[in-house]
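Okay, so here's the structure we're looking at.
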Amino acid sequence: MDTTPSPYAVNGGHLAHSWLGRLDLRLIADRVGTPVFVYSEEQGVKNIGRIKSAAAAAGIEKRVELYIPFFPNSNPHILGPLRKFDSGLLLQLPSEYKILRRFGFDKFIVSPGHVSDADIGFWAQTGYPIFLSSLDEISHLIRIDPRASINVRLDSLSSGKPGIKYSQLHDLKELLAINKRPLNCFELYCGSGNSVDEMISILEQVFMIFLTYFPEANAINFAGGYGFAYDEWNEPNKHFDWHRYFQNLRDIADRYRVPAHVKFLFEPARDVLADVGALLLSVKRSVISNGGANQVLTDGSRTLMPSAQYKQRHHHVIFLDAAMAEMNSNGMRAALRGRGILRHDYVLPGEYAVPEGIGPQNYLVILDVGAYCATQHMEFLSIPPAAEVLIDTEGSIHLISSHGGELDKWRHLLAQKKDLKAARAETVSAVE
Ligand SMILES: Cc1ncc(COP(=O)(O)O)c(C=O)c1O
């Protein structure tokens, strides 16, 4: 038996330090079944509060505005607490806007990547700022809405990522001057998962762009990219050091003499959302040892959160006994198998140390899956999506997405073929 400790699963005591330790997981497993994503409203409140108090400590709370991207989680129920903090949401698609309006959200910015003229028209009539990524798109907005505020997205990485490149800044400035349009705000996307030092070093670039090209701008959007340490157990160590970041930001802004009315916008996703969610799975067999790697069969699938595999993200895992008490992971190392047929259907990358005697009476909970996980689940291999449950700040447990029926994957399959010449246009969205 291989008893080498896994860097990703340490023995015991972790559940108690998490909001999961205060939860009736048994109730959730019995009432909803597994797989189920479980979210904590309280943790979301804590994460936004941490950023807000760091801004206050740096004396910039009146200048800081948070817009949490919707797409990394995309369940409106989970984003409810944002409103308590006067935080907004970052959108990219008209359908996101439509569904969020139904849930009562009304504070948005839009940063969509490249968009069609029709989408520019859609956003222009909402009046929300849209961060456009090419000179052509900006020209179109100016043509259709001479009074629209002009907001642009720059790509600091010079990558394939949507965004005006540094080499085009001069042309952008000219385009705005010819049309007598001031820039309201520019957004600089700098990649994801950056350390505090990396994010601080980018600040110099941001303020240099402000000073050189757009000193008239009313706001600077620092976008996302704030790292979250998935390999840490300790909550403060997982999170981005907003305190140090904001202190540096204030000092650098002062050094560049950025006027006090200029607002600072931020779009953090994983730092706010990752540890808000966990995925509860059931174990379905005792360890399978077919000569190769040992495998623990679960009722999960890589399709429930594909980015864990393709980003090689080793989420922490806590194994639970039948009474949902945490078990010591001191047995063999095994891969966590999903229920699909494909060779690669492992819920997480690599191997984990699993408890001795693990079997169908056990559960496991995968931590820090609140961002870029449930939202990505694919309907591949006919595996239906997982349900979602939210624990509110009073501790009450609510179902917020159901598992759906066994045939859910085929929900839009038409019983009869429809002759397109005879049918009306099938463009009406489900949320309209
Ligand atoms: C424009 C934009 N803003 C914010 C984010 C969120 O980034 P993070 O999760 O690293 O905070 C992303 C992620 O892709 C993004 O593209």
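FYI, side chains are in, hydrogens and waters are out, and symmetry mates aren't considered; it's all heavy atoms of this structure. Just so you know, ligand 1 is whichever comes first in the structure, and atom 1 is the first atom listed for that ligand.
Shown here is His17, whose NE2 atom has no more than 12 heavy atoms of other residues, nucleotides or ligands within 6.0 Å. Open room surrounds NE2 on His170; 12 or fewer heavy atoms of other groups in view lie less than 6.0 Å from it. Atom CZ of Arg31 is surrounded by 12 or fewer heavy atoms from other residues, nucleotides or ligands within 6.0 Å.
Listed by chain and residue number, nothing satisfies the side-chain hydrogen bond (donor to acceptor under 3.5 Å, both in side chains) test with Thr126 (two or more places apart in sequence, or in another chain).
Using cut-offs of 30° and 60° for the angle between ring planes, the Phe186 and Phe214 rings count as tilted.
For ligand 1, the polar-atom distance check finds no N/O of Phe71 at less than 3.5 Å from any of the ligand's N/O atoms. Note: an N/O pair closer than 3.5 Å links Arg270 and ligand 1 by distance alone. Geometrically, ligand 1 and Ser111 share no nitrogen or oxygen pair separated by less than 3.5 Å.
Of the candidates Phe131, Tyr189, Tyr372, Tyr189 brings a heavy atom nearest to atom 15 (C) of ligand 1.
Here is the list of ligand 1 atoms found below 4.0 Å of a heavy atom in Lys161: 16 (O). Proximity to Gly225 (heavy-atom distance under 4.0 Å) selects the following atoms of ligand 1: 7 (O), 8 (P), 10 (O), 11 (O). Less than 4.0 angstrom separates some heavy atom of Leu90 from each of these atoms of ligand 1: 3 (N). The ligand atoms of ligand 1 that sit less than 4.0 angstrom from a heavy atom of Pro69 are 4 (C), 5 (C), 6 (C). Counting the atoms of ligand 1 from 1 in the order shown, those under 4.0 Å from a heavy atom of Glu187 are 1 (C).
Annotation: cation-pi pair Arg270/Tyr226 absent, no NZ/CZ under 6.0 Å from the ring centroid and within 45° of its normal. For Arg255 and Phe207, the positive end is not near the middle of the six-membered ring at less than 6.0 Å and at most 45° from its axis.
Ligand 1 has no atom lying under 4.0 Å from any heavy atom of Ala371. For the pair Pro268 and ligand 1, a heavy-atom separation below 4.0 Å is found.
Of the candidates Tyr230, Tyr352, Phe228, His315 forms a ring-ring contact (aromatic ring centres under 6.0 Å, His included) with just one, namely Tyr230. Partner of Phe266 under the ring-ring contact (aromatic ring centres under 6.0 Å, His included) criterion, out of Tyr67, Tyr189, Phe246: Phe246 alone.
Taking atom 11 (O) of ligand 1 as the reference point, the nearest protein heavy-atom neighbour is Ala269 N, 2.9 Å. The protein atom (non-hydrogen) at minimum distance from atom 3 (N) of ligand 1 is Glu267 OE1, 2.6 Å.
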